[in-house]
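What follows is a short report on a single structure.
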Amino acid sequence: RKELRFVQETVHVRSFKAGEAIFQQGEVGVGMYIILKGSLDIFVDHHLEEETPTHSHLVTRLRGGDFLGELSLVENNSRRTATAIAAEESVLIGFFKPDLFDILERQPATGVKILTRLCEILGRRLKETTIKVTELKEEIRRLSDRL
């Protein structure tokens with residue numbers, strides 16, 4: 001409980017209106033967010049051709065309990081790989097790199113627990129991505145065989 005109280009005092013609760021950007025693709029990321037209430041749409045911008053405008057593609061909708069931006073806690077000068085926009089009025093918990101460093105300095109055992117959990121999350125997402133890439137490669141191979 002003492003650790004949870006300490007972390008609770010460290011995080012930042014922020015509210016966003018529907019349509020408001022949480023962050024934009026290409027921006028420097030400084031922290032992660034956990035969705036407490038509401039939902040967010042995640043978009044990736046694609047440049048179809050050099051002269052044409054950017055085309056945004058909806059990747060997914062995240063809901064309460066989901067989180068995003070965790071790579072920015074472990075990468076130096078990481079850039080956001082997508083744009084996050086509130087799909088409705090939303091409340092997010094922000095946890096930023098300076099907060100993590102503060103926790104590691106003031107309560108190392110708590111910081112290690114946070115980093116361990118963060119590693120678990122990143123590992124799970126890497127596995128999910130590997131599975132998806134493997135499935136897509138197999139689908140491409142099947143389509144190529146038909147041609």
Side-chain angles (χ1 to χ4, degrees), residues 3-4 6-141 143-144:
E3 287 178 323
L4 284 175
F6 177 70
V7 171
Q8 185 178 10
E9 292 169 1
T10 304
V11 299
H12 311 271
V13 178
R14 296 187 176 168
S15 298
F16 294 87
K17 294 181 176 140
E20 189 174 354
I22 288 68
F23 54 74
Q24 297 284 335
Q25 182 175 333
E27 290 178 350
V28 174
V30 293
M32 68 174 287
Y33 294 93
I34 301 167
I35 303 171
L36 197 56
K37 178 185 141 208
S39 60
L40 307 179
D41 286 335
I42 307 301
F43 294 92
V44 174
D45 294 338
H46 299 284
H47 297 284
L48 302 176
E49 292 178 23
E50 222 171 281
E51 297 83 35
T52 61
T54 301
H55 172 73
S56 291
H57 174 75
L58 177 65
V59 176
T60 191
R61 176 168 283 184
L62 301 177
R63 302 183 188 286
D66 289 334
F67 52 89
L68 62 158
E70 66 281 356
L71 276 177
S72 65
L73 292 176
V74 296
E75 287 185 331
N76 287 327
N77 300 315
S78 92
R79 299 274 176 184
R80 299 291 189 189
T81 58
T83 296
I85 297 177
E88 61 185 308
E89 201 169 297
S90 300
V91 178
L92 308 180
I93 298 171
F95 184 67
F96 304 104
K97 193 178 268 191
D99 302 328
L100 177 59
F101 290 149
D102 183 48
I103 290 171
L104 284 166
E105 186 176 307
R106 292 173 52 203
Q107 290 197 13
T110 302
V112 168
K113 288 178 184 178
I114 292 169
L115 286 174
T116 300
R117 182 67 179 125
L118 185 60
C119 288
E120 290 171 0
I121 292 164
L122 292 171
R124 186 181 76 235
R125 290 209 172 164
L126 179 59
K127 284 180 187 178
E128 291 168 356
T129 300
T130 301
I131 290 167
K132 189 65 172 173
V133 167
T134 302
E135 290 171 352
L136 290 171
K137 282 184 171 184
E138 181 60 26
E139 181 66 21
I140 289 169
R141 188 192 60 74
L143 290 171
S144 295

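Bear in mind the structure is a predicted one, so any value in this text is a computation, not a measurement. Quick note: residue numbers are just sequence positions, from 1.
Between I42 and A84, the closest heavy-atom pair is CD1-CB, 3.7 Å. Nearest heavy-atom pair across F16 and R14 is CE1-CB, 3.8 Å. The two atoms that bring L40 and A86 nearest to each other are CD2-CA, 3.7 Å, heavy atoms only. Across F67 and L62, no two heavy atoms sit closer than the pair O-CD1, 4.1 Å.
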- Message: Please determine whether side-chain contact (heavy atoms from CB on, under 4.5 Å) holds for the pair V28 and R79, giving the CA-CA distance in whole Å, both sets of side-chain angles, and the decisive distance to 0.1 Å.
- Response: CA-CA 4 Å; V28 174; R79 299 274 176 184; 3.3 Å; yes

- Could you walk me through whether K97 and V30 pass side-chain contact (heavy atoms from CB on, under 4.5 Å), step by step? CA-CA 6 Å; K97 193 178 268 191; V30 293; 5.6 Å; no

- Query: Step by step, would you call T81 with V44 a side-chain contact (heavy atoms from CB on, under 4.5 Å)?
  - Reply: CA-CA 7 Å; T81 58; V44 174; over 6 Å; no

- Task: I would like to know whether I93 and F95 meet side-chain contact (heavy atoms from CB on, under 4.5 Å); could you show each step before the answer?
- Result: CA-CA 7 Å; I93 298 171; F95 184 67; 5.6 Å; no

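The structure places CD of E27 at 11.0 Å from OG of S78, a figure rounded to the nearest 0.5 Å. Residue Q25 holds its CD atom at 5.0 Å from OG1 of T83, rounded to the nearest 0.5 Å.
Among residue pairs with one or both ends in residues 62-72, those qualifying as side-chain hydrogen bond (donor to acceptor under 3.5 Å, both in side chains) are E70-R125; sequence neighbours excluded.
Taking the charged nitrogens against the carboxylate oxygens, E120 and R124 have no contact shorter than 4.0 Å, which rules out a salt bridge.
Aromatic ring pairs are classed by plane angle as parallel below 30°, tilted from 30° to 60° and perpendicular above 60°; the pair H12 and F96 is tilted.
Just one residue in the list L73, I103, L104 forms a side-chain contact (heavy atoms from CB on, under 4.5 Å) with L115, and that residue is L104.
Side-chain N or O atoms of S90 include one that pairs as donor or acceptor with a backbone N or O of S39 at under 3.5 Å.
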